[in-house]
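Worksheet: the structure to be examined is printed underneath.
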There are 2 protein chains.
Amino acid sequence: MKRDQLSDQQCSVARSSAVLGDPWTLTLLSDCFLGVRRFEEFQERLKVSRTTLTSRLKRLEEHGILVQCQYEQRPPRFEYRLTQKGKDLFPVVSTLLAWGDKYYWEDATPPIIRTHKHCGHDFQAYTACSECGEPLELKDVEARTRPDNDRYPPVERGPFKRGS
Amino acid sequence: MKRDQLSDQQCSVARSSAVLGDPWTLTLLSDCFLGVRRFEEFQERLKVSRTTLTSRLKRLEEHGILVQCQYEQRPPRFEYRLTQKGKDLFPVVSTLLAWGDKYYWEDATPPIIRTHKHCGHDFQAYTACSECGEPLELKDVEARTRPDNDRYPPVERGPFKRGS
DNA sequence: TATGTTAGTCCATATTCAGGACTTACATCG
DNA sequence: CGATGTAAGTCCTGAATATGGACTAACATA
């Protein structure tokens with residue numbers, strides 16, 4: 001299967017991955033959340049080739065995650081901004097960052113520190129249940145596929161069982 | 001820059017992306033959380049080429065996210081299981097899934113439904129602040145880079161400002 | 001006029017991927 | 001005994017994608 005066919009799968013992770021699933025896109029989005037908006041700035045920070053950057057920005061635009069805005073008339077200049085759909089990726093990037101901080105910096109201070117203005121503390125993101133607000137743990141989650149989902153049938157052994 | 005050099009960057013998202021940032025890896029992990037463990041089963045569900053699957057499994061193993069366990073002596077057969085580091089990716093996959101459910105299924109029933117055994121309800125994941133427990137919102141977060149982080153200097157315009 | 005800036009495009013080479021055939025090491029069926 | 005089946009891969013070839021650097025357009029500034 002090719003990457004763009006992933007968009008047609010009966011699985012939200014597969015569809016999301018078709019758009020976000022490459023190393024530059026995720027890092028690029030992380031930069032968006034830090035306020036980066038311009039081509040040259042992305043290129044300098046990511047150190048990705050200009051062709052690849054162009055294609056990633058285009059894909060994110062096609063999928064409605066970024067919009068190109070003109071910020072100068074003459075000469076015509078554009079920048080990229082997050083749409084609401086893009087802003088809604090904030091939790092994804094935040095949890096990815098939290099995981100990276102945990103496993104790639106361990107006890108050291110991570111390279112980017114974030115403060116929650118609401119409570120005034122430096123924080124990490126964690127994930128919780130929308131219904132009861134408790135932190136989400138793998139062992140408390142039971143997944144089932146919708147009956148008509150023949151593309152991703154349930155696993156025989158049953159999800160989340162048998163130790164490691 | 002090449003993908004594996006991302007692992008050396010002063011940015012947790014970049015490092016995480018170096019390992020997870022491709023469409024198959026994320027979908028593969030999602031299947032791991034559904035209980036999938038065997039080569040043939042991954043291959044059949046993901047419909048990815050066998051060579052690519054082999055390389056992804058190898059990478060996840062090298063990074064300590066999966067371990068290969070022998071589940072049968074004769075003939076020797078192996079399966080892949082999540083380590084603790086791998087299980088800690090559950091929030092990442094969960095938020096990615098929540099985003100996909102929101103934007104690719106809108107009001108329809110998403111293809112995979114998850115129940116929180118703790119409270120008994122079907123749920124979606126949301127992300128919160130580790131210090132005060134409030135749901136995390138982009139506008140409440142202020143990010144700063146560690147002073148000695150010359151690789152990812154702060155953005156001039158300041159993070160998270162100026163509307164869209 | 002010369003140089004600089006921003007947002008790209010173009011091109012040659014290098015790397016990676018898809019899809020299918022093949023392999024190894026056994027178990028089972030007739 | 002020989003044929004077929006199964007799981008977990010490897011090997012191969014052609015196709016697609018990425019890299020890095022040069023180049024371009026459309027202006028602004030010195």
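Here is the naming used below: chain letters follow the sequence lines, and residue numbers restart at 1 for every chain. Only heavy atoms go into these numbers, but all of them, side chains included; no hydrogens, no water, no symmetry mates.
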What are the bounds, 5' to 3', of the part of DNA chain C that sits under 4.0 Å from heavy atoms of chain A? C:dT5 to C:dG19
Check ion pair A:Arg144-B:Asp122 (N to O, under 4.0 angstrom): yes
Give a yes/no on whether any side-chain N or O of B:Gln68 is located under 4.0 angstrom from OP1 or OP2 of D:dA7. no
Quickly work out the B:Gln70 CD to D:dG9 C1' distance and round it to whole Å. 14 Å
Please report, rounded to the nearest Å, how far the P atom of D:dG9 is from the CD atom of B:Glu44. 16 Å
Is it the case that A:Arg3 and A:Ser17 place a side-chain donor and acceptor less than 3.5 Å from each other? no
Is the terminal nitrogen or CZ of A:Arg38 (NZ for Lys, CZ for Arg) located under 6.0 angstrom from the six-membered ring centre of A:Tyr71 and within 45° of that ring's axis? yes
Decide, yes or no, whether a salt bridge links A:Arg81 with A:Glu79 under the criterion of side-chain N to carboxylate O below 4.0 Å. yes
Would you indicate what B:Phe42 reaches in the nucleic acid, counting non-hydrogen atoms under 4.0 angstrom: base, sugar-phosphate, or nothing? nothing
Rounded distance (Å) that lies between atom C1' of D:dG21 and atom CZ of A:Arg50: 10 Å
Whole angstrom is fine here: how far is it from CD in B:Glu79 over to P in D:dG9? 11 Å
Here's a test of your reading of the structure: between B:Thr52 and A:Phe39, which maps to the more 5' nucleotide of DNA chain C? A:Phe39
B:Asp4 CG to D:dA18 C1', straight-line distance once rounded to whole Å: 13 Å
Atom-pair distance (CZ on B:Arg45; P on D:dA8), nearest Å: 15 Å
Any idea which of D:dA8, D:dA18, D:dC11 is nearest the A:Arg56 side chain? D:dA18
Mark up nucleotides 24-30 of chain D, 5' to 3', with B wherever a protein heavy atom is under 4.0 angstrom from a base atom, S wherever such an atom reaches only the sugar-phosphate, and - elsewhere. --BSS--
B:Met1 atom CE is separated from D:dA18 atom C1', nearest whole Å, by 14 Å
Within 45° of the ring axis of B:Trp99 and under 6.0 Å from its six-membered ring centre, is that where the NZ or CZ of A:Arg15 lies? no
Any side-chain N or O of B:Thr54 less than 4.0 Å from the OP1 or OP2 oxygen of D:dT10? yes
Whether B:Arg50 and B:Glu40 form a salt bridge (side-chain N of Lys/Arg under 4.0 Å from carboxylate O of Asp/Glu) is what I want to check. yes
For A:Thr51 and A:Lys2, take the nucleotide of DNA chain D holding the closest heavy atom to each; which residue's nucleotide lies nearer the 5' end? A:Lys2
Give B:Phe78 one of three labels, base, sugar-phosphate or nothing, depending on what nucleic acid heavy atoms sit under 4.0 Å from its own. sugar-phosphate
For residues 18-36 of chain A, which residue pairs qualify under side-chain hydrogen bond (donor to acceptor under 3.5 Å, both in side chains), counting only residues two or more places apart or in two chains? A:Asp22-A:Thr25, A:Asp22-A:Arg56, A:Asp22-A:Arg59, A:Asp31-A:Arg45
For B:Gln5, what residues pass the side chain to side chain contact (heavy atoms under 4.5 Å, CB included) criterion, not counting sequence neighbours? B:Met1, B:Lys2
If I take atom CG in residue B:Leu53 and atom P in nucleotide D:dA7, what distance separates them, rounded to the nearest angstrom? 14 Å
Contacts of A:Glu134 meeting side chain to side chain donor-acceptor pair (under 3.5 Å) (sequence neighbours excluded), chain-then-number -> none
Does A:Ser55 have any side chain to side chain contact (heavy atoms under 4.5 Å, CB included) partners at least two apart in sequence or in another chain, and if so, which? none
